[in-house]
Student: 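Handing you a structure now.
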Amino acid sequence: MLTTRRVDAYHALTVVAPGIAERFRPGHFVTVAVGGPDTSMPARRAFAVHDVKPDYGGTVELVFAVRGRGTAWLAERRARDTLDIVGPLGRPFPVPRDPVGCVLAGGEYGSASLFALADTLQQRGCRVDFVLGAASADRVFGALRARRMGETTTLTTEDGSLGLRGRVTDALPAVIADARADVIYACGPMAMLRGVTAVAAEFDIPVQVSVEEAMACGYGVCMTCVLPVIDDDGVTRMVRACVEGPVFRGERVRFEDVGTIPFDALGAPGGRAQEGGAHTRNVG
Amino acid sequence: MLTTRRVDAYHALTVVAPGIAERFRPGHFVTVAVGGPDTSMPARRAFAVHDVKPDYGGTVELVFAVRGRGTAWLAERRARDTLDIVGPLGRPFPVPRDPVGCVLAGGEYGSASLFALADTLQQRGCRVDFVLGAASADRVFGALRARRMGETTTLTTEDGSLGLRGRVTDALPAVIADARADVIYACGPMAMLRGVTAVAAEFDIPVQVSVEEAMACGYGVCMTCVLPVIDDDGVTRMVRACVEGPVFRGERVRFEDVGTIPFDALGAPGGRAQEGGAHTRNVG
Amino acid sequence: MRTYLAHVELANPITTAAGCAGSGAELAQFFDVSRLGAVVTRSITMAPRAGRPTPRLAETPSGLLTAVGLQGPGVDAFLAAELPRLAERGARAVVSIAGGSVAEYTALARRLADAPGVTAVEVNLSCPNVADLGRVFARDPAASAEVVAAVRATMRYDVPVVAKLAPDAADIVAVARACVDGGADALALINTPLGMAIDVDTMRPALAAGTGGLSGPAVRPLAVRCLWQVHAALPGVPLVGMGGVSTGRDALELVLAGACAVAVGTALFHDPYAGLRVLRELEDLLKERGFERFADAVGLAHRPPGAAPRHRTDLEESPL
Amino acid sequence: MRTYLAHVELANPITTAAGCAGSGAELAQFFDVSRLGAVVTRSITMAPRAGRPTPRLAETPSGLLTAVGLQGPGVDAFLAAELPRLAERGARAVVSIAGGSVAEYTALARRLADAPGVTAVEVNLSCPNVADLGRVFARDPAASAEVVAAVRATMRYDVPVVAKLAPDAADIVAVARACVDGGADALALINTPLGMAIDVDTMRPALAAGTGGLSGPAVRPLAVRCLWQVHAALPGVPLVGMGGVSTGRDALELVLAGACAVAVGTALFHDPYAGLRVLRELEDLLKERGFERFADAVGLAHRPPGAAPRHRTDLEESPL
Ligand SMILES: Cc1cc2nc3c(=O)[nH]c(=O)nc-3n(C[C@H](O)[C@H](O)[C@H](O)COP(=O)(O)OP(=O)(O)OC[C@H]3O[C@@H](n4cnc5c(N)ncnc54)[C@H](O)[C@@H]3O)c2cc1C
Ligand SMILES: Cc1cc2nc3c(=O)[nH]c(=O)nc-3n(C[C@H](O)[C@H](O)[C@H](O)COP(=O)(O)OP(=O)(O)OC[C@H]3O[C@@H](n4cnc5c(N)ncnc54)[C@H](O)[C@@H]3O)c2cc1C
Ligand SMILES: Cc1cc2nc3c(=O)[nH]c(=O)nc-3n(C[C@H](O)[C@H](O)[C@H](O)COP(=O)(O)O)c2cc1C
Ligand SMILES: Cc1cc2nc3c(=O)[nH]c(=O)nc-3n(C[C@H](O)[C@H](O)[C@H](O)COP(=O)(O)O)c2cc1C
Ligand code: FES
Ligand code: FES
């Protein structure tokens, strides 16, 4: 059972799902079956949880953009339709024990997962500043709510139709400096996360990024959602965005190598491992 | 746009389809796409047209039983959903020029296509008697309407829950004799059509049967819907139920050979034709 | 959107798939069939054939299993009635032929050699070879090549011979190469892979013939793969693509993989206008993407647009 | 619903498919994995493997194309961590192995030979044979037989060796027969046929690897056909069926075709409980149909129930 509404370029969809609402922590995502019982689309679609509310025993709200057939189908759901939804999934945003200054950076619908996080952070006494961006005004999600919640809120659009003309990363350094931020949280397109991580490195503060990789299962069995991440031991491994992520420490993600197998990753080809040598091991 | 209702064991579905309604003649069928735009069911489903009405420019009513996934989906359509429907298709019932006595025999949902026929026949001054049967009372379709329209109406059920216990063919001879019928029209399961045709032969009167064969296209291109029918030249050919039928003269249909290629059919295997001899021809 | 099938020009790249457009007359009730790039006939055999018993049809997820068994009138009736009617309608007719032996294919080619109105001959190689215990020609490069060479030698030089292949070969490129070496002017792929369904209620095969050919959207990934592999290996050979095309996007996918013409089969069962619709959609998609000539899109997915690291393609032939 | 994989008894016929259940730990979060007939591991390689670049996934009609590239920890880490964890959970573990040469498969078998908790070894033959220009073993009866013989000779006699075949062979029965002659105690079919998708917006292959394996409901007709053909030719050989099973009806279809165990793969991505659900549904269906022993259903569709003319089955191997 659910309700739907349009929010600018996005669709917001609220589902009664007490089990998910109860266990939810900011940064979690869910997967949704699309197309109904006779669907030709066997893969679930992943969506960040935007909000959970206690109504009806617990509801979950998702915010999504129509991209292809699955989201087009979702956009046509009506009140009282039922939805097959699995969650909460993934590693949520780690939150600091102490009250620190946090900048929350969101791109496009990536902003959606930042408000529950902001809530939690503020409950712990953290200061929260928002930087939200998108290509155009109608695709900036949550500006009003950010203005209500954030100490400051900076908006950016690439076409200048709202806030500053430019990208999130253009506005970020000033916001960090002004807020004297201790940590950054970011959710949005991969290019933005890469940029945000670079800014964090300049300021030498930690950054938690929530990545988006195509996923077939969402709970760790299919191995389709991997990206190269540097482990505690300094070794790069192809790790699963769905269970080891989607939230990673930004500096651990090898953004420039996403979509490749870095030659120095554990088990990378080139080492004789992938050539099929029987008794070799690639220690990456 | 459509409306739906339950009729005993069946679903009745009315669709606004002026183009179909206008060209409709009794015995026509339509094909319906099932499962929506993201369907995993590429084959259309065939349904006899039960009724057409002039409302909204022309509506078409279908009556169907839920058999598998396609009809289950159809049964869940609601008012104002749209339906992708093609028709009218097939060779309709031929109607006599003169006012003759007609027995209309229907089995299960096969009865559905007989009422529009009865209407046409009565307009031409024909006497119409009904024999409708099914396994049980809730699966006899159209008993009330038959009672209103028919000179007589005989009902049969295999479990005796309505009318006579037995089959349509058990009741048929008496009805033909009483009504001094000149012709029989029949629509229902293949076994019933076979039986009705045998009864017609005993009485030496013509019989028109409407057959049901699995169909992929409904308009003659796929060749999946064939059955062995004796042609005017005495040769058995595998003809398409969708365009040469679904209505055939009963005595032309080789019921006992349905589901086989009779050895004497044109192009049947066994003749060297199917063995691949290069210069032979099987004249069947 | 002109395209070439070997040296023969087609007004546009969309054709019907063999065996999916009846005699041509059925579609002509709905629209002018000369608006299609070509009409490909059902596979014609020497003798009339009654085909397989029914049920001939089972539906599978996003697919159709069929076992029609080449029901048809035989070549004489075809030449006397069906082919002239196609010509009268102004359709470009590609005649598909099927046989059980090299001799039978040759005999068919001989009949077609003098017939007017044959735009091209498509050799359906998915037929059991009587001389090889019924093993299908298309699985055997040498047998395929022999058939193609015989047909090529018999047909008039100006009529292209198109060899039609199936995906259930161990090495589709080997079969393709053998056919080209045998003289094929173009290749058509894919015919239906062999599939089967069992009715769990009757607990018997759903088709009277047991196995059947799998067609429809479910097989499109196999078609794209075969086209891709063959175009990569034999970039100069014109390819006709088919398998699960029901929209312009599907057709474009096959074109980008290497097809210079695209046939629509199973989708016609759902919508008689599917061919024209696919054509219109394909035209729009190409326009959106700024293509001036259709030929520029053919096989384009093989040519990397500069260094796009997320799309580096390493083609090792393993599914895992 | 006991069943036998060669001489090894399984509590029920439902297993996971290789590469579709991670390390086993992920499913164990949801339910007690010892309730499955067996857990089949991902294909283990000698060295750790990082696999293929992303994107590794594309959806096709009723199917999934994936190119994971056997990402995994390598045999040592597997034996040290994953296998013992499966044993602790009480799961019956069928270990799948993959290699690029006969020597590599042999070396893997040697490592497994002494490992406790190996219920059976499944030999994934859909791997490129380095010695044969990367041609996949499973397409070549002789190469497949050689691998199987080497593994059989190395493994303990009481651990069944299961050879896993793919549908894109010219003659699946020939490959099956070669594997049995090579010593396979059972066969598993089908692995994913090679497919491909092209993104019509980027106009590039949808997978970084270009081609990928096609799985899910779309391939079920191919699985049924392969099981049917192999069971007909080798009725005494135990077959594990897989390919597009997501309901008890699907599993029953494979059982009726000849499978004495059924693996669930892609459906697990949609629903972690799919294995247990399929098992329950299969039990119900068999009960409804009055089966007392599961074995009575295995291959039943091959045995005509008296003379039922509408279901006379003539099996000539042509798709048309
Ligand atoms: C952890 C996570 C959280 C997400 N949160 C949101 C959100 O809050 N709001 C939102 O609008 N979108 C979100 N997405 C993206 C969303 O999942 C995709 O937009 C959606 O799957 C597209 O489905 P489609 O059928 O409309 O598009 P199609 O493009 O037709 O999708 C087809 C297939 O592509 C896969 N796919 C390809 N690329 C991606 C990708 N980058 N991400 C995910 N799947 C991909 C899908 O899984 C699917 O199998 C999230 C993705 C992930 C992984
Ligand atoms: C000319 C004609 C008129 C019909 N009129 C009616 C009617 O008025 N009311 C009604 O309830 N049913 C009618 N039917 C039968 C109806 O088409 C089937 O019940 C329906 O296709 C079943 O679809 P499904 O998805 O529910 O079942 P499924 O069994 O899941 O169907 C799957 C596939 O089987 C094919 N199929 C198998 N056997 C048959 C068969 N005997 N007939 C048709 N398709 C078959 C379907 O086309 C479909 O592709 C008619 C059939 C034909 C050919
Ligand atoms: C009912 C039916 C009949 C077919 N008959 C033939 C045929 O006679 N000759 C041939 O070469 N291919 C035949 N095919 C294969 C198609 O031409 C085509 O290669 C295949 O169906 C894949 O395309 P599709 O998915 O668009 O249908 C037939 C396919 C179907 C479904
Ligand atoms: C993501 C993925 C990974 C797979 N990995 C393996 C593997 O490592 N070894 C193997 O033999 N088969 C592997 N397979 C094939 C499956 O085991 C199975 O044979 C195939 O997917 C068909 O079954 P399904 O349709 O139920 O998925 C894999 C399949 C998928 C989808
Ligand atoms: S989505 Fe399957 S492992 Fe991450
Ligand atoms: S249903 Fe296609 S020819 Fe009759």
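Not measured: the values here are computed from a predicted model. So that the names make sense, note that chain A is the first sequence line, chain B the second, and so on, each numbered from 1. Below, all heavy atoms of this structure are taken into account, side chains as well, without hydrogens, waters or symmetry copies.
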Student: Report yes if some heavy atom in the side chain of D168(C) is under 4.5 Å from a heavy atom in the side chain of R225(D); otherwise report no.
Tutor: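 The answer is yes, as the side chains (C-beta and beyond) meet within the 4.5 Å cut-off.
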Student: Which one of G244(C), A58(C), A197(C) has the most heavy-atom pairs closer than 4.5 Å to chain D?
Tutor: A197(C)
Student: Between E288(D), R56(D), Q71(D), R220(D), which has the largest tally of heavy atom pairs under 4.5 Å with chain C?
Tutor: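 Winner by heavy-atom pair count: R220(D).
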Student: Tell me, side chain or backbone of L252(D) under 4.5 Å from chain C's heavy atoms, or both, or neither?
Tutor: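 It is both, since atoms from each part get that close.
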Student: Chain C heavy atoms under 4.5 Å from D201(D): which part of the residue, side chain, backbone, both or neither?
Tutor: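 Contact with chain C involves both backbone and side-chain atoms of D201(D).
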Student: Heavy-atom pairs under 4.5 Å with chain D are the metric here; pick the option from A98(C), S215(C), P61(C) that has the most.
Tutor: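 Ranked by contacts with chain D, first place is P61(C).
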Student: Calculate, to the nearest 0.5 Å, the distance between atoms CG and CE belonging to L222(C) and M196(D) respectively.
Tutor: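 So the CG of L222(C) and the CE of M196(D) are separated by 12.5 Å.
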Student: So what's closer than 4.5 Å to chain C heavy atoms on A169(D): side chain, backbone, both or neither?
Tutor: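 Looking at A169(D), just its backbone touches chain C.
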Student: Under a 4.5 Å heavy-atom cut-off, does chain D meet the side chain of L256(C), its backbone, both or neither?
Tutor: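 Both the backbone and the side chain of L256(C) come within 4.5 Å of chain D.
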Student: Find the one option among A297(C), A301(C), A218(C) whose heavy-atom pairs under 4.5 Å with chain D are most numerous.
Tutor: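 Going by pairs under 4.5 Å, I would pick A301(C).
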Student: Mind checking the CE-CD spacing from M203(D) to E253(C)? Nearest 0.5 Å is all I need.
Tutor: 13.5 Å
Student: Is the backbone N or O of D171(C) less than 3.5 Å from a side-chain atom of R135(D), with the two atoms forming a donor-acceptor pair by type?
Tutor: no
Student: Which value, rounded to the nearest 0.5 Å, describes the distance between L194(D) atom CG and I172(C) atom CD1?
Tutor: 11.5 Å
Student: Checking R289(D) against chain C: side chain, backbone, both or neither under 4.5 Å from a heavy atom?
Tutor: side chain
Student: Looking at R204(D) and H302(C), what are the two nearest heavy atoms and their distance?
Tutor: NH1-C, 4.0 Å
Student: In Å and rounded to the nearest 0.5 Å, what is the CZ to CG distance from R249(D) to D199(C)?
Tutor: 7.5 Å
